[in-house]
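Working notes, beginning with the structure itself.
Letters go in sequence order (proteins before strands), and every chain restarts at 1. Keep in mind it's a predicted model, so treat the numbers as computed, not measured.
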2 protein chains.
Amino acid sequence: MQTLSTEDYLKAIYHASQSASGTVATTSIANKIGAKSSSVTDMFKKLSDQKLVKYQKYQGVTLTSEGVKTALRIVRKHRLWESFLVSHLNFNWDEVHQVAEQLEHIQSEKLTNELERFLDYPTHDPHGDPIPNRALFMKSYNKILLTELPLNKEGICVGVKDNSSDFLRYLDRRQIGIGTPILVLHREDFDQSLHIQAGNSTLMITQKTAENIYIKP
Amino acid sequence: MQTLSTEDYLKAIYHASQSASGTVATTSIANKIGAKSSSVTDMFKKLSDQKLVKYQKYQGVTLTSEGVKTALRIVRKHRLWESFLVSHLNFNWDEVHQVAEQLEHIQSEKLTNELERFLDYPTHDPHGDPIPNRALFMKSYNKILLTELPLNKEGICVGVKDNSSDFLRYLDRRQIGIGTPILVLHREDFDQSLHIQAGNSTLMITQKTAENIYIKP
DNA sequence: TATTAAATTTAGATGAGTCTAAATATTTTA
DNA sequence: TAAAATATTTAGACTCATCTAAATTTAATA
Ligand SMILES: [Mn+2]
Ligand SMILES: [Mn+2]
Ligand SMILES: [Mn+2]
Ligand SMILES: [Mn+2]
């Protein structure tokens, strides 16, 4: 049985190891968690004692298979709760993260599994991220960044890289969401900005925006 | 913003002050929380510093109006979650308490209010206990114990005093639940056991059982 | 490659929440 | 009402999670 804090660390380590490869550095977790690196070092030692990570002084950590499992159990709960909040409790996709951050720590296998059943076994959360099933297995789409979508080839928005409220509300205003069909009409060489067709409307987006939208071609 | 621990203490003090009258003693909270009385004394001081209870050394505590409000906000969440677990997630009424004990600490007014709406503004939880509304107001039935129900006067089971799994499952086996109509056919003078009609079946129950069932006459 | 810069760890401290054991106050009862 | 029993508080210690400041290691660069 983990504490709330160790669970958050394991999840942060898991996410960090997804984006970058190899070991996860102290500072990257310190930034994610919002703690000082000395605190992170302490936690790395604790997690190492519990055999949840492999830790080598000055070299960072990697999750053990037990650590991955524990992290995935938290991710599963986080994403199921986010789905519930959006589908049944009128939350917008930019409001769910902070609450799911708490709900993910509720300990009850029955609760998690019944919630999954109640939601009819969703495969992806409101941000397009895959939800691990009971066996902790998930399959993600074969997705690319919008910056990589060739001209005039239609794709579908299946996710976002930046989950911040600011970005998600910006997409709301642009009427871009999960499932929106997207076509790149023109790519401006000067600043890499894009003219796109999103749903029925055409609009311009910056490179920075395009870098944070996942597309299934 | 309270910690999980102070919230549990406030709730325990609230419940204790409902049953008994006057101030709440250290030991009674120690028993409810499952902590040593020295720990309770420490917490009483902290709550007193926060003006949530009035504390006089050796004399116990009483909740301030701010303390009552905080306690009721927890009770509200606890009972809404219990309702959700039973009505939508296939939990039995004897399984919900432990999970609600965790869920009651989730901090999000929007979550609480949307959950209440989703459940269609329930007034009572699965154990028959009243759910405080958004304004923290609740009205409870005019209820009596089954031991006090006169012979041959029909009443309805509207609650239980003992919320233990053992007792609730015992009632399940006897097919007694919230809403079950009950008639006392005979009261045995020797041991105060009762012959009752519960729903369609007649059965015998001990005084101890009858003392834990609330009836609306 | 020697020096500087950056990352990481260690040492020592703090606060919350808990405990045991001892001291003190209150309540019961003879 | 004085002694005994019970309840409560105090003193001192422990764990967990965190911090700051200093020391150490690794990485970058001149
Ligand atoms: Mn969390
Ligand atoms: Mn998400
Ligand atoms: Mn609780
Ligand atoms: Mn209840």
Residues passing the salt bridge (Lys or Arg N to Asp or Glu O under 4.0 Å) test with A:Arg174, sequence neighbours excluded, are none
Taking ring pair (Phe, Tyr, Trp, His ring centres under 6.0 Å) as the test, write out the residues that go with B:His105, two or more places apart. none
B:Asp49 CG to C:dG15 P: how many Å, rounded? 14 Å
Rounded to whole Å, how long is the line connecting atom CD of A:Gln59 with atom C1' of C:dT9? 13 Å
Categorize A:Ser37 for me: base, sugar-phosphate, or nothing, with a 4.0 angstrom heavy-atom threshold over every strand shown. base
Can you list, in residue-number order, the parts of residues 38-45 of chain B that come under 4.0 Å of DNA chain D, counting heavy atoms only? B:Ser38, B:Thr41, B:Lys45
5'-most to 3'-most nt of DNA chain D touching chain A (<4.0 Å, heavy-atom partner on protein side) reads D:dC16 to D:dT26
For A:Ile29 and C:dT9, give me the distance from atom CD1 to atom C1', rounded to whole Å. 17 Å
Do any pairs count as a ring-ring contact (aromatic ring centres under 6.0 Å, His included) and have a residue in residues 11-46 of chain B, sequence neighbours left out, and if so which ones? B:Phe44-B:Tyr55
Salt-bridge test for B:Glu116 and B:Arg134: reply yes if a basic N is under 4.0 Å from a carboxylate O, no otherwise. no
Results of ring pair (Phe, Tyr, Trp, His ring centres under 6.0 Å) for B:His195 - residues two or more places apart only: none
Sorted by chain and number, sequence neighbours left out, side chain to side chain contact (heavy atoms under 4.5 Å, CB included) with A:His124 holds for A:Pro130, A:Tyr141
Only counting residues at least two apart or in another chain, list the ones meeting side-chain hydrogen bond (donor to acceptor under 3.5 Å, both in side chains) with B:Thr23. none
A:Lys57: what forms a side-chain hydrogen bond (donor to acceptor under 3.5 Å, both in side chains) with it, not counting sequence neighbours? none
First of B:Tyr58 and A:Lys57 reached from the 5' end of DNA chain D, by closest nucleotide: B:Tyr58
